[in-house]
Protein chains: 2
Amino acid sequence: MAPEKKTRKRKANKAPSIYDVAKEARVSVFTVSAVVNGKSHVGKALKQRVDAAIQKLNYRPNLLARSLAARRTHTIGIVVPDISNPFFPLVVRGAEDAAQKHGYNILLCDSDDRPEREEECLEVLMAKRVDGILLTKAPGTFRPALRQLIDDAKIPFVLLMRTYPDLTKDAVLTDDYKGAYEAVCQLARAGHRRIGLMGGPMTISNGRERWKGFRDALEANGLTHEPELVIQGDYRIESGYRGGHALLSRSPDGIYVANYLMTVGLLKAAEEMGMRCPEDFGLVSFDDYPWLAVFRPRLTTVELPKYQIGFEATEMLLARIKNEPTRGGTIKLAPELHVRESCGFQLRPGKNLADVRNEARG
Amino acid sequence: MAPEKKTRKRKANKAPSIYDVAKEARVSVFTVSAVVNGKSHVGKALKQRVDAAIQKLNYRPNLLARSLAARRTHTIGIVVPDISNPFFPLVVRGAEDAAQKHGYNILLCDSDDRPEREEECLEVLMAKRVDGILLTKAPGTFRPALRQLIDDAKIPFVLLMRTYPDLTKDAVLTDDYKGAYEAVCQLARAGHRRIGLMGGPMTISNGRERWKGFRDALEANGLTHEPELVIQGDYRIESGYRGGHALLSRSPDGIYVANYLMTVGLLKAAEEMGMRCPEDFGLVSFDDYPWLAVFRPRLTTVELPKYQIGFEATEMLLARIKNEPTRGGTIKLAPELHVRESCGFQLRPGKNLADVRNEARG
DNA sequence: TTGTAGGCGTTATCAA
DNA sequence: TTGATAACGCCTACAA
């Protein structure tokens, strides 16, 4: 028996494949592939036939199949603690813009800063064969099996906002030490002496950095470090609220809060306690937002370049993916102090702080 | 010549495949597949051998290959105008939670409300064979070729926040008409008579709905509709800022703003013009956020259940994907009025509005 | 219950 | 320049 030529089933009301195009144009699939990808040189005539067939069938390559064959998905994963924390949307937007510029897409995951969920996210991202991962590391270290998986996959990671040296040195951070240092100096400059800290988790690198900046700034300003004025939160509103109650009851005259959500919680606590900012306490917060310029109290903040973080991290990741001779490593972006009323800068030296407060009250 | 048995190359320092597991466990790939997917009944002994092999090799199925074969990616696409608009993160979070619950992931795209970008997003999502798409439609209609693609792909869509009947009736919306109506009624209740609108684009369904609600509420309260007090923006800060300057210069005593970002812009304009809220104009805004309860002016808002929008839309989409006998159709979620000081409710009837204003000024 | 072999839609290798 | 055909890694009839 003569071996019949293998025939592909003709499409039955499903999306056309490269075979359908090849048949329509009376060429081989190779030729179609070459035309579609602009590789190899295809003769004018053939190319036109192929283009016509593509047009006629409204053909679009199946990127899944392409990814499987080419071992490249043109998709990157991004794991953030919580996209609904207003800090991250701009980071993600920066990442998306950079990715899109290079023809990549973004698979988004929220870890809620929980190690188990983070692990699930990473597993599925790797199983879906993303080309690289942007990670804002949750507290804790990877389990060995996961670590093994990551090593086997040889997939590049770039860290966002938080270090995790065991995994990689490639990271885009902000200079949190400096930011916190400047925040506290601003409070000191405004005349505050008993300065409290509503800080982040010490299990997170930037929680530690911000704490160090706070501590060193106290010292540099000749202020004493009072342990009871230091509270550790988890960057969520609720912890800022509870911490705010505790902290404010100890009457600090200035407070540095390590992120925006905790500031919101703390202000709620202040209100419940009938304490006003900046009349009763000065405040400097991390993260700035457009609306902070129009609401009162107008917050003095240390702005972090969120968009840039996402954008540069993605550029770095793509460079790794494409194996470009890259300066990877750790990038530290500069924070920027936005001075507004909440720090109490109106209360300048020369005027006694207590007096000004009484005026404000009266 | 005896046909040699087809042999798969052994893994050379790359992720183990189902073949490697099969070899290790001395079974066929079918058995491995059956064990991994929990289908079919596999004998105790074999199952144990397979499990051991999986463990030993730290095997994870390649989801790309699975998707190609099973024609199901367990990934859904979501297209929003801009994830950095604070309205959308919670929507996306709701979608992610629902998706994750069912073992799905999310591919995120920003359209910037530009039709060309929206088209690119949709094309690539479909090319990557997502199982379904959540879409916040940009203004304008689809080009025929895109429409063709969508029809050919037979992929389910669920619309978010904005209708587009030509595509599908499946949508999760908010009752924007009612929300706007109530917002304006609240302004009227607070004693305002010349009420202005800082609205959204009339090219977007909810822009029209909110406008209608505004108009009808004016009429229901016996107020006249003054065209010069109606301004159309695009839901961005900048348009609220420009519109705010224009609108405030016409001295309305109450303003309804159709979204949060435009409110931020309008408040900035007010500040530049030296006008205070609520003393100089009452304000009701759409969208609520946790921080609006702690900053001044405390905004009266019409809250939209953002998280629920994303969550329910995803549930609906997944029902379609799984071909469940579903009540699809259009869901309208109820908005919720949060009354705070910005609307001027302190200025109750009985007290003359102008008088109260003078008090506040004095 | 378990194995064999073909298909999913590309890319990539090697001849022609 | 082109074409035939084997990967890519998994699922799934159909057989045994």
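Numbered from 1 within each chain, the chains take letters A, B, ... in sequence-line order.
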### Query
Looking at S28(B) and A22(B), what are the two nearest heavy atoms and their distance?
C-CB, 3.8 Å
#### Entry: Length of the CD1-C1' vector between I54(A) and dT10(C), whole Å
14 Å
### Task
For the side chain of P61(B), starting at C-beta, report the closest nucleotide among dC10(D), dA4(D), dG9(D).
dC10(D)
### Summary
Taking for L64(B) and for A34(B) the nucleotide of DNA chain D with the nearest heavy atom, the one nearer the 5' end belongs to L64(B)
### Query
The side chain of A70(B) lies closest to which of these nucleotides: dC11(D), dG3(C), dT11(C)?
dC11(D)
### Message
Please classify the nucleic acid contact of L46(B) as base, sugar-phosphate, or nothing, using heavy-atom distances under 4.0 Å.
### Response
sugar-phosphate
### Query
When we call it a touch if two heavy atoms are under 4.0 Å apart, what does V29(A) touch: a base, just sugar-phosphate, or nothing?
base
### Query
Just how far, in rounded Å, is P of dC8(C) from NZ of K128(B)?
23 Å
#### Entry: D113(B) bridged to R162(B) by N-O distance under 4.0 Å
yes
## Note on the structure
Among the nucleotides dA4(D), dC8(C), dT12(D), whichever has the atom closest to the side chain of F30(A) is dA4(D)
### Query
Counting any heavy atom closer than 4.0 Å, what does S33(B) reach on the DNA or RNA strands: base, sugar-phosphate only, or nothing?
base
### Task
In whole angstrom, give the distance that lies between atom CD1 of I18(B) and atom C1' of dT12(D).
11 Å
### Query
Between T31(A) and dT1(D), is there a side-chain N or O to OP1/OP2 distance below 4.0 Å?
no
#### Entry: S17(B) side-chain proximity, nearest of dG9(D), dT2(C), dT10(C)
dG9(D)
### Message
What is the separation between atom CG on D20(B) and atom C1' on dC10(D), rounded to the nearest whole Å?
### Response
13 Å
### Message
Determine whether I321(B) and Y104(B) satisfy the following criterion, side chain to side chain contact (heavy atoms under 4.5 Å, CB included), listing intermediate values before the conclusion.
### Response
CA-CA 11 Å; I321(B) 289 173; Y104(B) 278 70; 3.7 Å; yes
### Task
When you get a sec, tell me which of dT10(C), dG3(D), dC11(D) is the closest nucleotide to the side chain of R66(B)?
dC11(D)
### Task
Indicate, with a heavy-atom threshold strictly under 4.0 Å, whether R72(B) touches base, sugar-phosphate, or nothing.
nothing
### Query
Which whole-number value in Å describes the distance from L68(B) CG to dT11(C) C1'?
12 Å
### Query
Rounded to whole angstroms, how far apart are CG on N62(A) and P on dC8(D)?
19 Å
### Task
Find which nucleotide of DNA chain C each of A65(B) and K44(B) is nearest to by heavy atoms, and output the residue with the more 5' nucleotide.
K44(B)
### Query
Looking only at heavy atoms, which two atoms of T73(A) and V130(A) are closest? And how far apart?
OG1-CA, 3.6 Å
### Query
Of all the nucleotides listed (dC8(D), dT2(D), dT4(C)), which has the minimum atom distance to the side chain of A69(A)?
dC8(D)
### Message
I'd like to know if the side chain of T75(A) pairs up with that of N105(A) as donor and acceptor (distance under 3.5 Å, no hydrogens or angles considered).
### Response
no
### Message
On the nucleotide dT10(C), are OP1 or OP2 found under 4.0 Å from the side-chain N or O atoms that Y59(A) carries?
### Response
yes
### Query
To the nearest Å, how far apart are R60(B) CZ and dC10(D) P?
12 Å
#### Entry: Spacing of H74(B) atom NE2 relative to dC11(D) atom C1', expressed in whole Å
13 Å
### Task
Check the angle between the aromatic planes of F142(A) and Y164(A) and answer parallel, tilted or perpendicular using the 30° and 60° thresholds.
perpendicular
